[in-house]
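Shown next, in structure tokens, is the structure this report addresses.
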Amino acid sequence: MDKDFVKEITPKTQDFSQWYVDVILKAELADYSPVRGCMVIKPYGYSIWEKMQQLLDARFKATGHKNAYFPIFIPESLLQKEAEHVEGFAPEVAWVTHGGKEELAERLAVRPTSETIICHMYSKWIKSWRDLPVLLNQWCNVVRWEKSTKPFLRTAEFLWQEGHTAHSSFEEAEEETLRMLEVYRDFVETDLSIPVIKGVKSENEKFAGALKTYTIETLMGDGRALQAGTSHNLGQHFAKAYDITYLDKDGKLKYVWQTSWGVTTRLIGAIIMVHGDDRGLKLPPKIAPIQAVIVPIMGKESETVLNKAQEIYSILKNEILIELDDRNEYTPGWKFNEWEMKGVPVRIEIGPRDIKNQQVVLVRRDTGEKTVVSESELLPRLKSLLADIQINMFNQAKEFLNENIREVKNFDEFKQIINEKRGFIKAHWCKNGECEQKIKEETGATLRCIPFSNETTYGKCIVCNKETDTVVYFAKSY
RNA sequence: CGGGGCAUAGCGCAGUUUGGUAGCGCACAUGGUUUGGGACCAUGGGGUCGGGGGUUCGAGUCCCUCUGCCCCGACCA
């Protein structure tokens, strides 16, 4: 029961990167396109994104945000107003220089992110303290001319949501930044079953133009970290560059305080790399476009079996996301493999034997465990099974994360673990950028985040030996 | 952008050393038998051998060049 059922997928342990690409192609999540660095998200992959959109959008609405849409093109002059921001994004901006045959008077950037154009509009819209806060979100595509790409994790064009808010005080902006980080944590942990580490980015790693960047960091199956979502407190950097001012209650003209936050289709890559196994994708029920699939085992009594399968399908379809695989050209075994590859959380088998006993067989994708359930109890059992899978997948991933967080006391130990085991390394750090840089240069690991924590432990910076109370996470990352 | 590898049917490959009729497995189509972990038989369709240029009577094969993809670094969600 454990291996060799799916020959088309390279085993994870043999070549993790190849395994990842195999799963994407075999599960029909995406395909390569004729455009360098750009992929096609196929219907099955896109339906996962649609579920993410639903689940996140509901949370954004619940926290008072409204959706809007801003242009994909940004005039060069507008992009250049915030110095740090331009410098950060300049190397990966795509430019439109012509409209038809006419050369444009001013080049247009294809948005790498929308702070600049949104800030331009905010400066027109915001006049009074009564206009604040502004709480907007945009679902769109962005383009970053990346040098090396990988499906979902890093593509030249990708889909995301970007929240952009404006507030009347630092405290309020900070509160919003942390609120949305918590929304992301809740979404990723509850709905995607992926445990995260919440924290703040170092000065070197923060978003270009931000005051502070908060992050949720996750760990992939090969021991590399992945930034799963970020929330930025932009301070007044953009407000000053784009002249976003309002007249406050006290009659004084003041700059607004801003935030921005985003998650992307990269999260689909995270689901694959955190949960997937040698048989393919494994989807947490809450994000699965198909939560259960009915595979009828037809044989000689095909009509009876199919009728029963259809009857069960029509009852369940109002309750969960379910599909009936009544294709006659494939054998049950073939279908089992196919749906496992696609990560469907539960398979329902119905065959002649089951009909005789008024039962069905439930098989869970996360553990492979089979249970026989009487037909009358099917719905409640199925619902509790889905809930159980959701939690079990989180627990499995959490266990893996915990096993792969290692605390080190010195740089030698650090290097050894990065080379042999990867994962997150917890270490004391003196908050000096040079020590951080040295670690990056000598090991390839970066400072992923400074975790939120109420405990303070004193120790020595693993690079310079200076006494410090700060413990941070390092890892090799995607 | 540096280092390495690969490119022949939808996919995986052989053929390249030694130039001489484009092959195999899977997938696909049709018909039949099957169906509780990738069934079988029969018949059939599908190729500018990644693109361009060159050498040659003749190039998948030799030479030059461009492009794409994968892996490892640097840069990034």
Side-chain angles (χ1 to χ4, degrees), chain A residues 1-10 15-22 25-26 31-39 88-93 112-113 142-162 184 201 204-205 207-208 213 215-218 225-232 260-270 279-280 295-302 305-306 325-341 347-355 360-361 363 368 370 372 440-441 443-444 446 476-478:
Chain A
M1 172 95 190
D2 7 25
K3 48 186 172 202
D4 283 357
F5 278 105
V6 185
K7 296 172 209 76
E8 292 92 338
I9 298 177
T10 307
D15 182 345
F16 193 85
S17 283
Q18 192 56 50
W19 166 83
Y20 175 74
V21 171
D22 287 350
L25 297 176
K26 292 302 296 180
D31 201 355
Y32 287 95
S33 79
V35 192
R36 192 204 70 90
C38 296
M39 63 173 181
F89 281 100
E92 46 191 31
V93 171
T113 176
V142 287
V143 169
R144 296 180 189 177
W145 218 254
E146 296 289 349
K147 282 163 189 160
S148 77
T149 59
K150 191 167 198 144
F152 291 114
L153 292 191
R154 176 162 298 103
T155 46
E157 179 191 16
F158 57 92
L159 306 182
W160 76 345
Q161 72 47 228
E162 43 179 330
Y184 289 155
K201 286 286 183 186
N204 287 334
E205 298 284 332
F207 177 74
T213 290
T215 178
I216 48 172
E217 295 287 324
T218 58
L226 183 79
Q227 181 176 309
T230 48
S231 185
H232 316 290
S260 71
W261 26 273
V263 296
T264 77
T265 36
R266 162 181 272 192
L267 286 174
I268 296 174
R279 294 198 193 183
V295 178
I297 290 116
M298 301 203 260
K300 299 229 184 298
E301 302 161 57
S302 64
V305 171
L306 204 54
D325 188 352
D326 57 3
R327 291 175 297 177
N328 198 34
E329 63 270 29
Y330 295 106
T331 61
W334 195 93
K335 292 176 183 174
F336 295 170
N337 284 302
E338 161 112 337
W339 292 112
E340 279 171 5
M341 219 141 55
R347 177 173 75 238
I348 304 172
E349 297 176 18
I350 303 171
R353 238 163 31 217
D354 304 308
I355 289 181
V360 300
V361 177
V363 185
K370 285 191 183 191
V372 176
K440 188 172 173 180
E441 279 164 17
T443 67
T446 48
K476 284 203 180 190
S477 75
Y478 275 102

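Note on naming: letters A, B, ... go to the chains in the order of the sequence lines (proteins, then strands), and numbering restarts at 1 for each one.
Of the candidates C70(B), A39(B), G37(B), the closest approach to any side-chain atom of Val363(A) belongs to G37(B). Taking only side-chain atoms of Lys370(A), from C-beta outward, the nucleotide of U35(B), C76(B), G37(B) with the closest atom is G37(B). Of the candidates A74(B), C76(B), U35(B), the closest approach to any side-chain atom of Lys147(A) belongs to A74(B). Of the listed nucleotides (U34(B), C76(B), C71(B)), C76(B) has the atom at the smallest distance from the side chain of Glu146(A). Nearest nucleotide to the Asp354(A) side chain, out of G37(B), U35(B), G36(B): G36(B). Candidate nucleotides G73(B), G37(B), U35(B) were compared by shortest atom distance to the side chain of Pro332(A), and U35(B) ranks first.
Between Ile355(A) and Ile350(A), some side-chain heavy-atom pair lies under the 4.5 Å cut-off.
Note on Arg353(A): a base of the nucleic acid sits closer than 4.0 angstrom, heavy atoms only. Residue Ser148(A) is in base contact, counting any heavy-atom pair closer than 4.0 Å across all strands shown. Contacts of Phe89(A) with the nucleic acid, taken as non-hydrogen atoms under 4.0 Å apart, are absent. Within 4.0 Å of Asp15(A), counting heavy atoms only, lies no atom of the nucleic acid at all. Counting non-hydrogen atoms under 4.0 angstrom, Thr155(A) reaches a base of the nucleic acid. Contact annotation for Val361(A): base contact, defined as any heavy-atom pair under 4.0 Å involving a base atom. The residue Pro352(A) sits close to a base: some heavy atom pair falls under 4.0 Å. Residue Gly269(A) is out of contact with every strand shown, counting any heavy-atom pair closer than 4.0 Å.
Pair assignment for U61(B): none, as no Watson-Crick or G-U wobble contacts are both less than 3.5 Å. Across every strand in view, U56(B) sits unpaired, with no contact that passes the Watson-Crick or G-U test at under 3.5 angstrom.
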Take Phe336(A) and Tyr330(A) through the test ring-ring contact (aromatic ring centres under 6.0 Å, His included) and record every step on the way to the result.
-> CA-CA 10 Å; Phe336(A) 295 170; Tyr330(A) 295 106; over 10 Å; no
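Phe16(A) and Trp19(A) have tilted rings, their planes meeting at an angle from 30° to 60° on a 0 to 90° scale.
In this model, a side-chain donor or acceptor of Arg347(A) finds a partner on the base of G37(B) within 3.5 Å.
Mapped onto RNA chain B by nearest heavy atom, Lys476(A) and Ala228(A) fall at different nucleotides, with Lys476(A) at the one closer to the 5' end. Of the two residues contacting RNA chain B, namely Leu226(A) and Lys150(A), the nearest-nucleotide position lying further toward the 5' end is that of Lys150(A).
Rounding to the nearest 0.5 Å gives a distance of 12.5 Å between CD of Gln227(A) and CG of Leu153(A). We find the CZ-CH2 distance between Arg36(A) and Trp145(A) to be 6.0 Å, quoted to the nearest 0.5 Å.
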Would you list the protein and nucleotides 41-49 of chain B atom pairs, both N or O, that sit under 3.5 Å from each other?
none

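When the C1' atom is used for both U33(B) and U8(B), the distance is 36 Å, rounded to whole Å.
Aromatic pair Phe152(A)/Tyr478(A): centroids not less than 6.0 angstrom apart.
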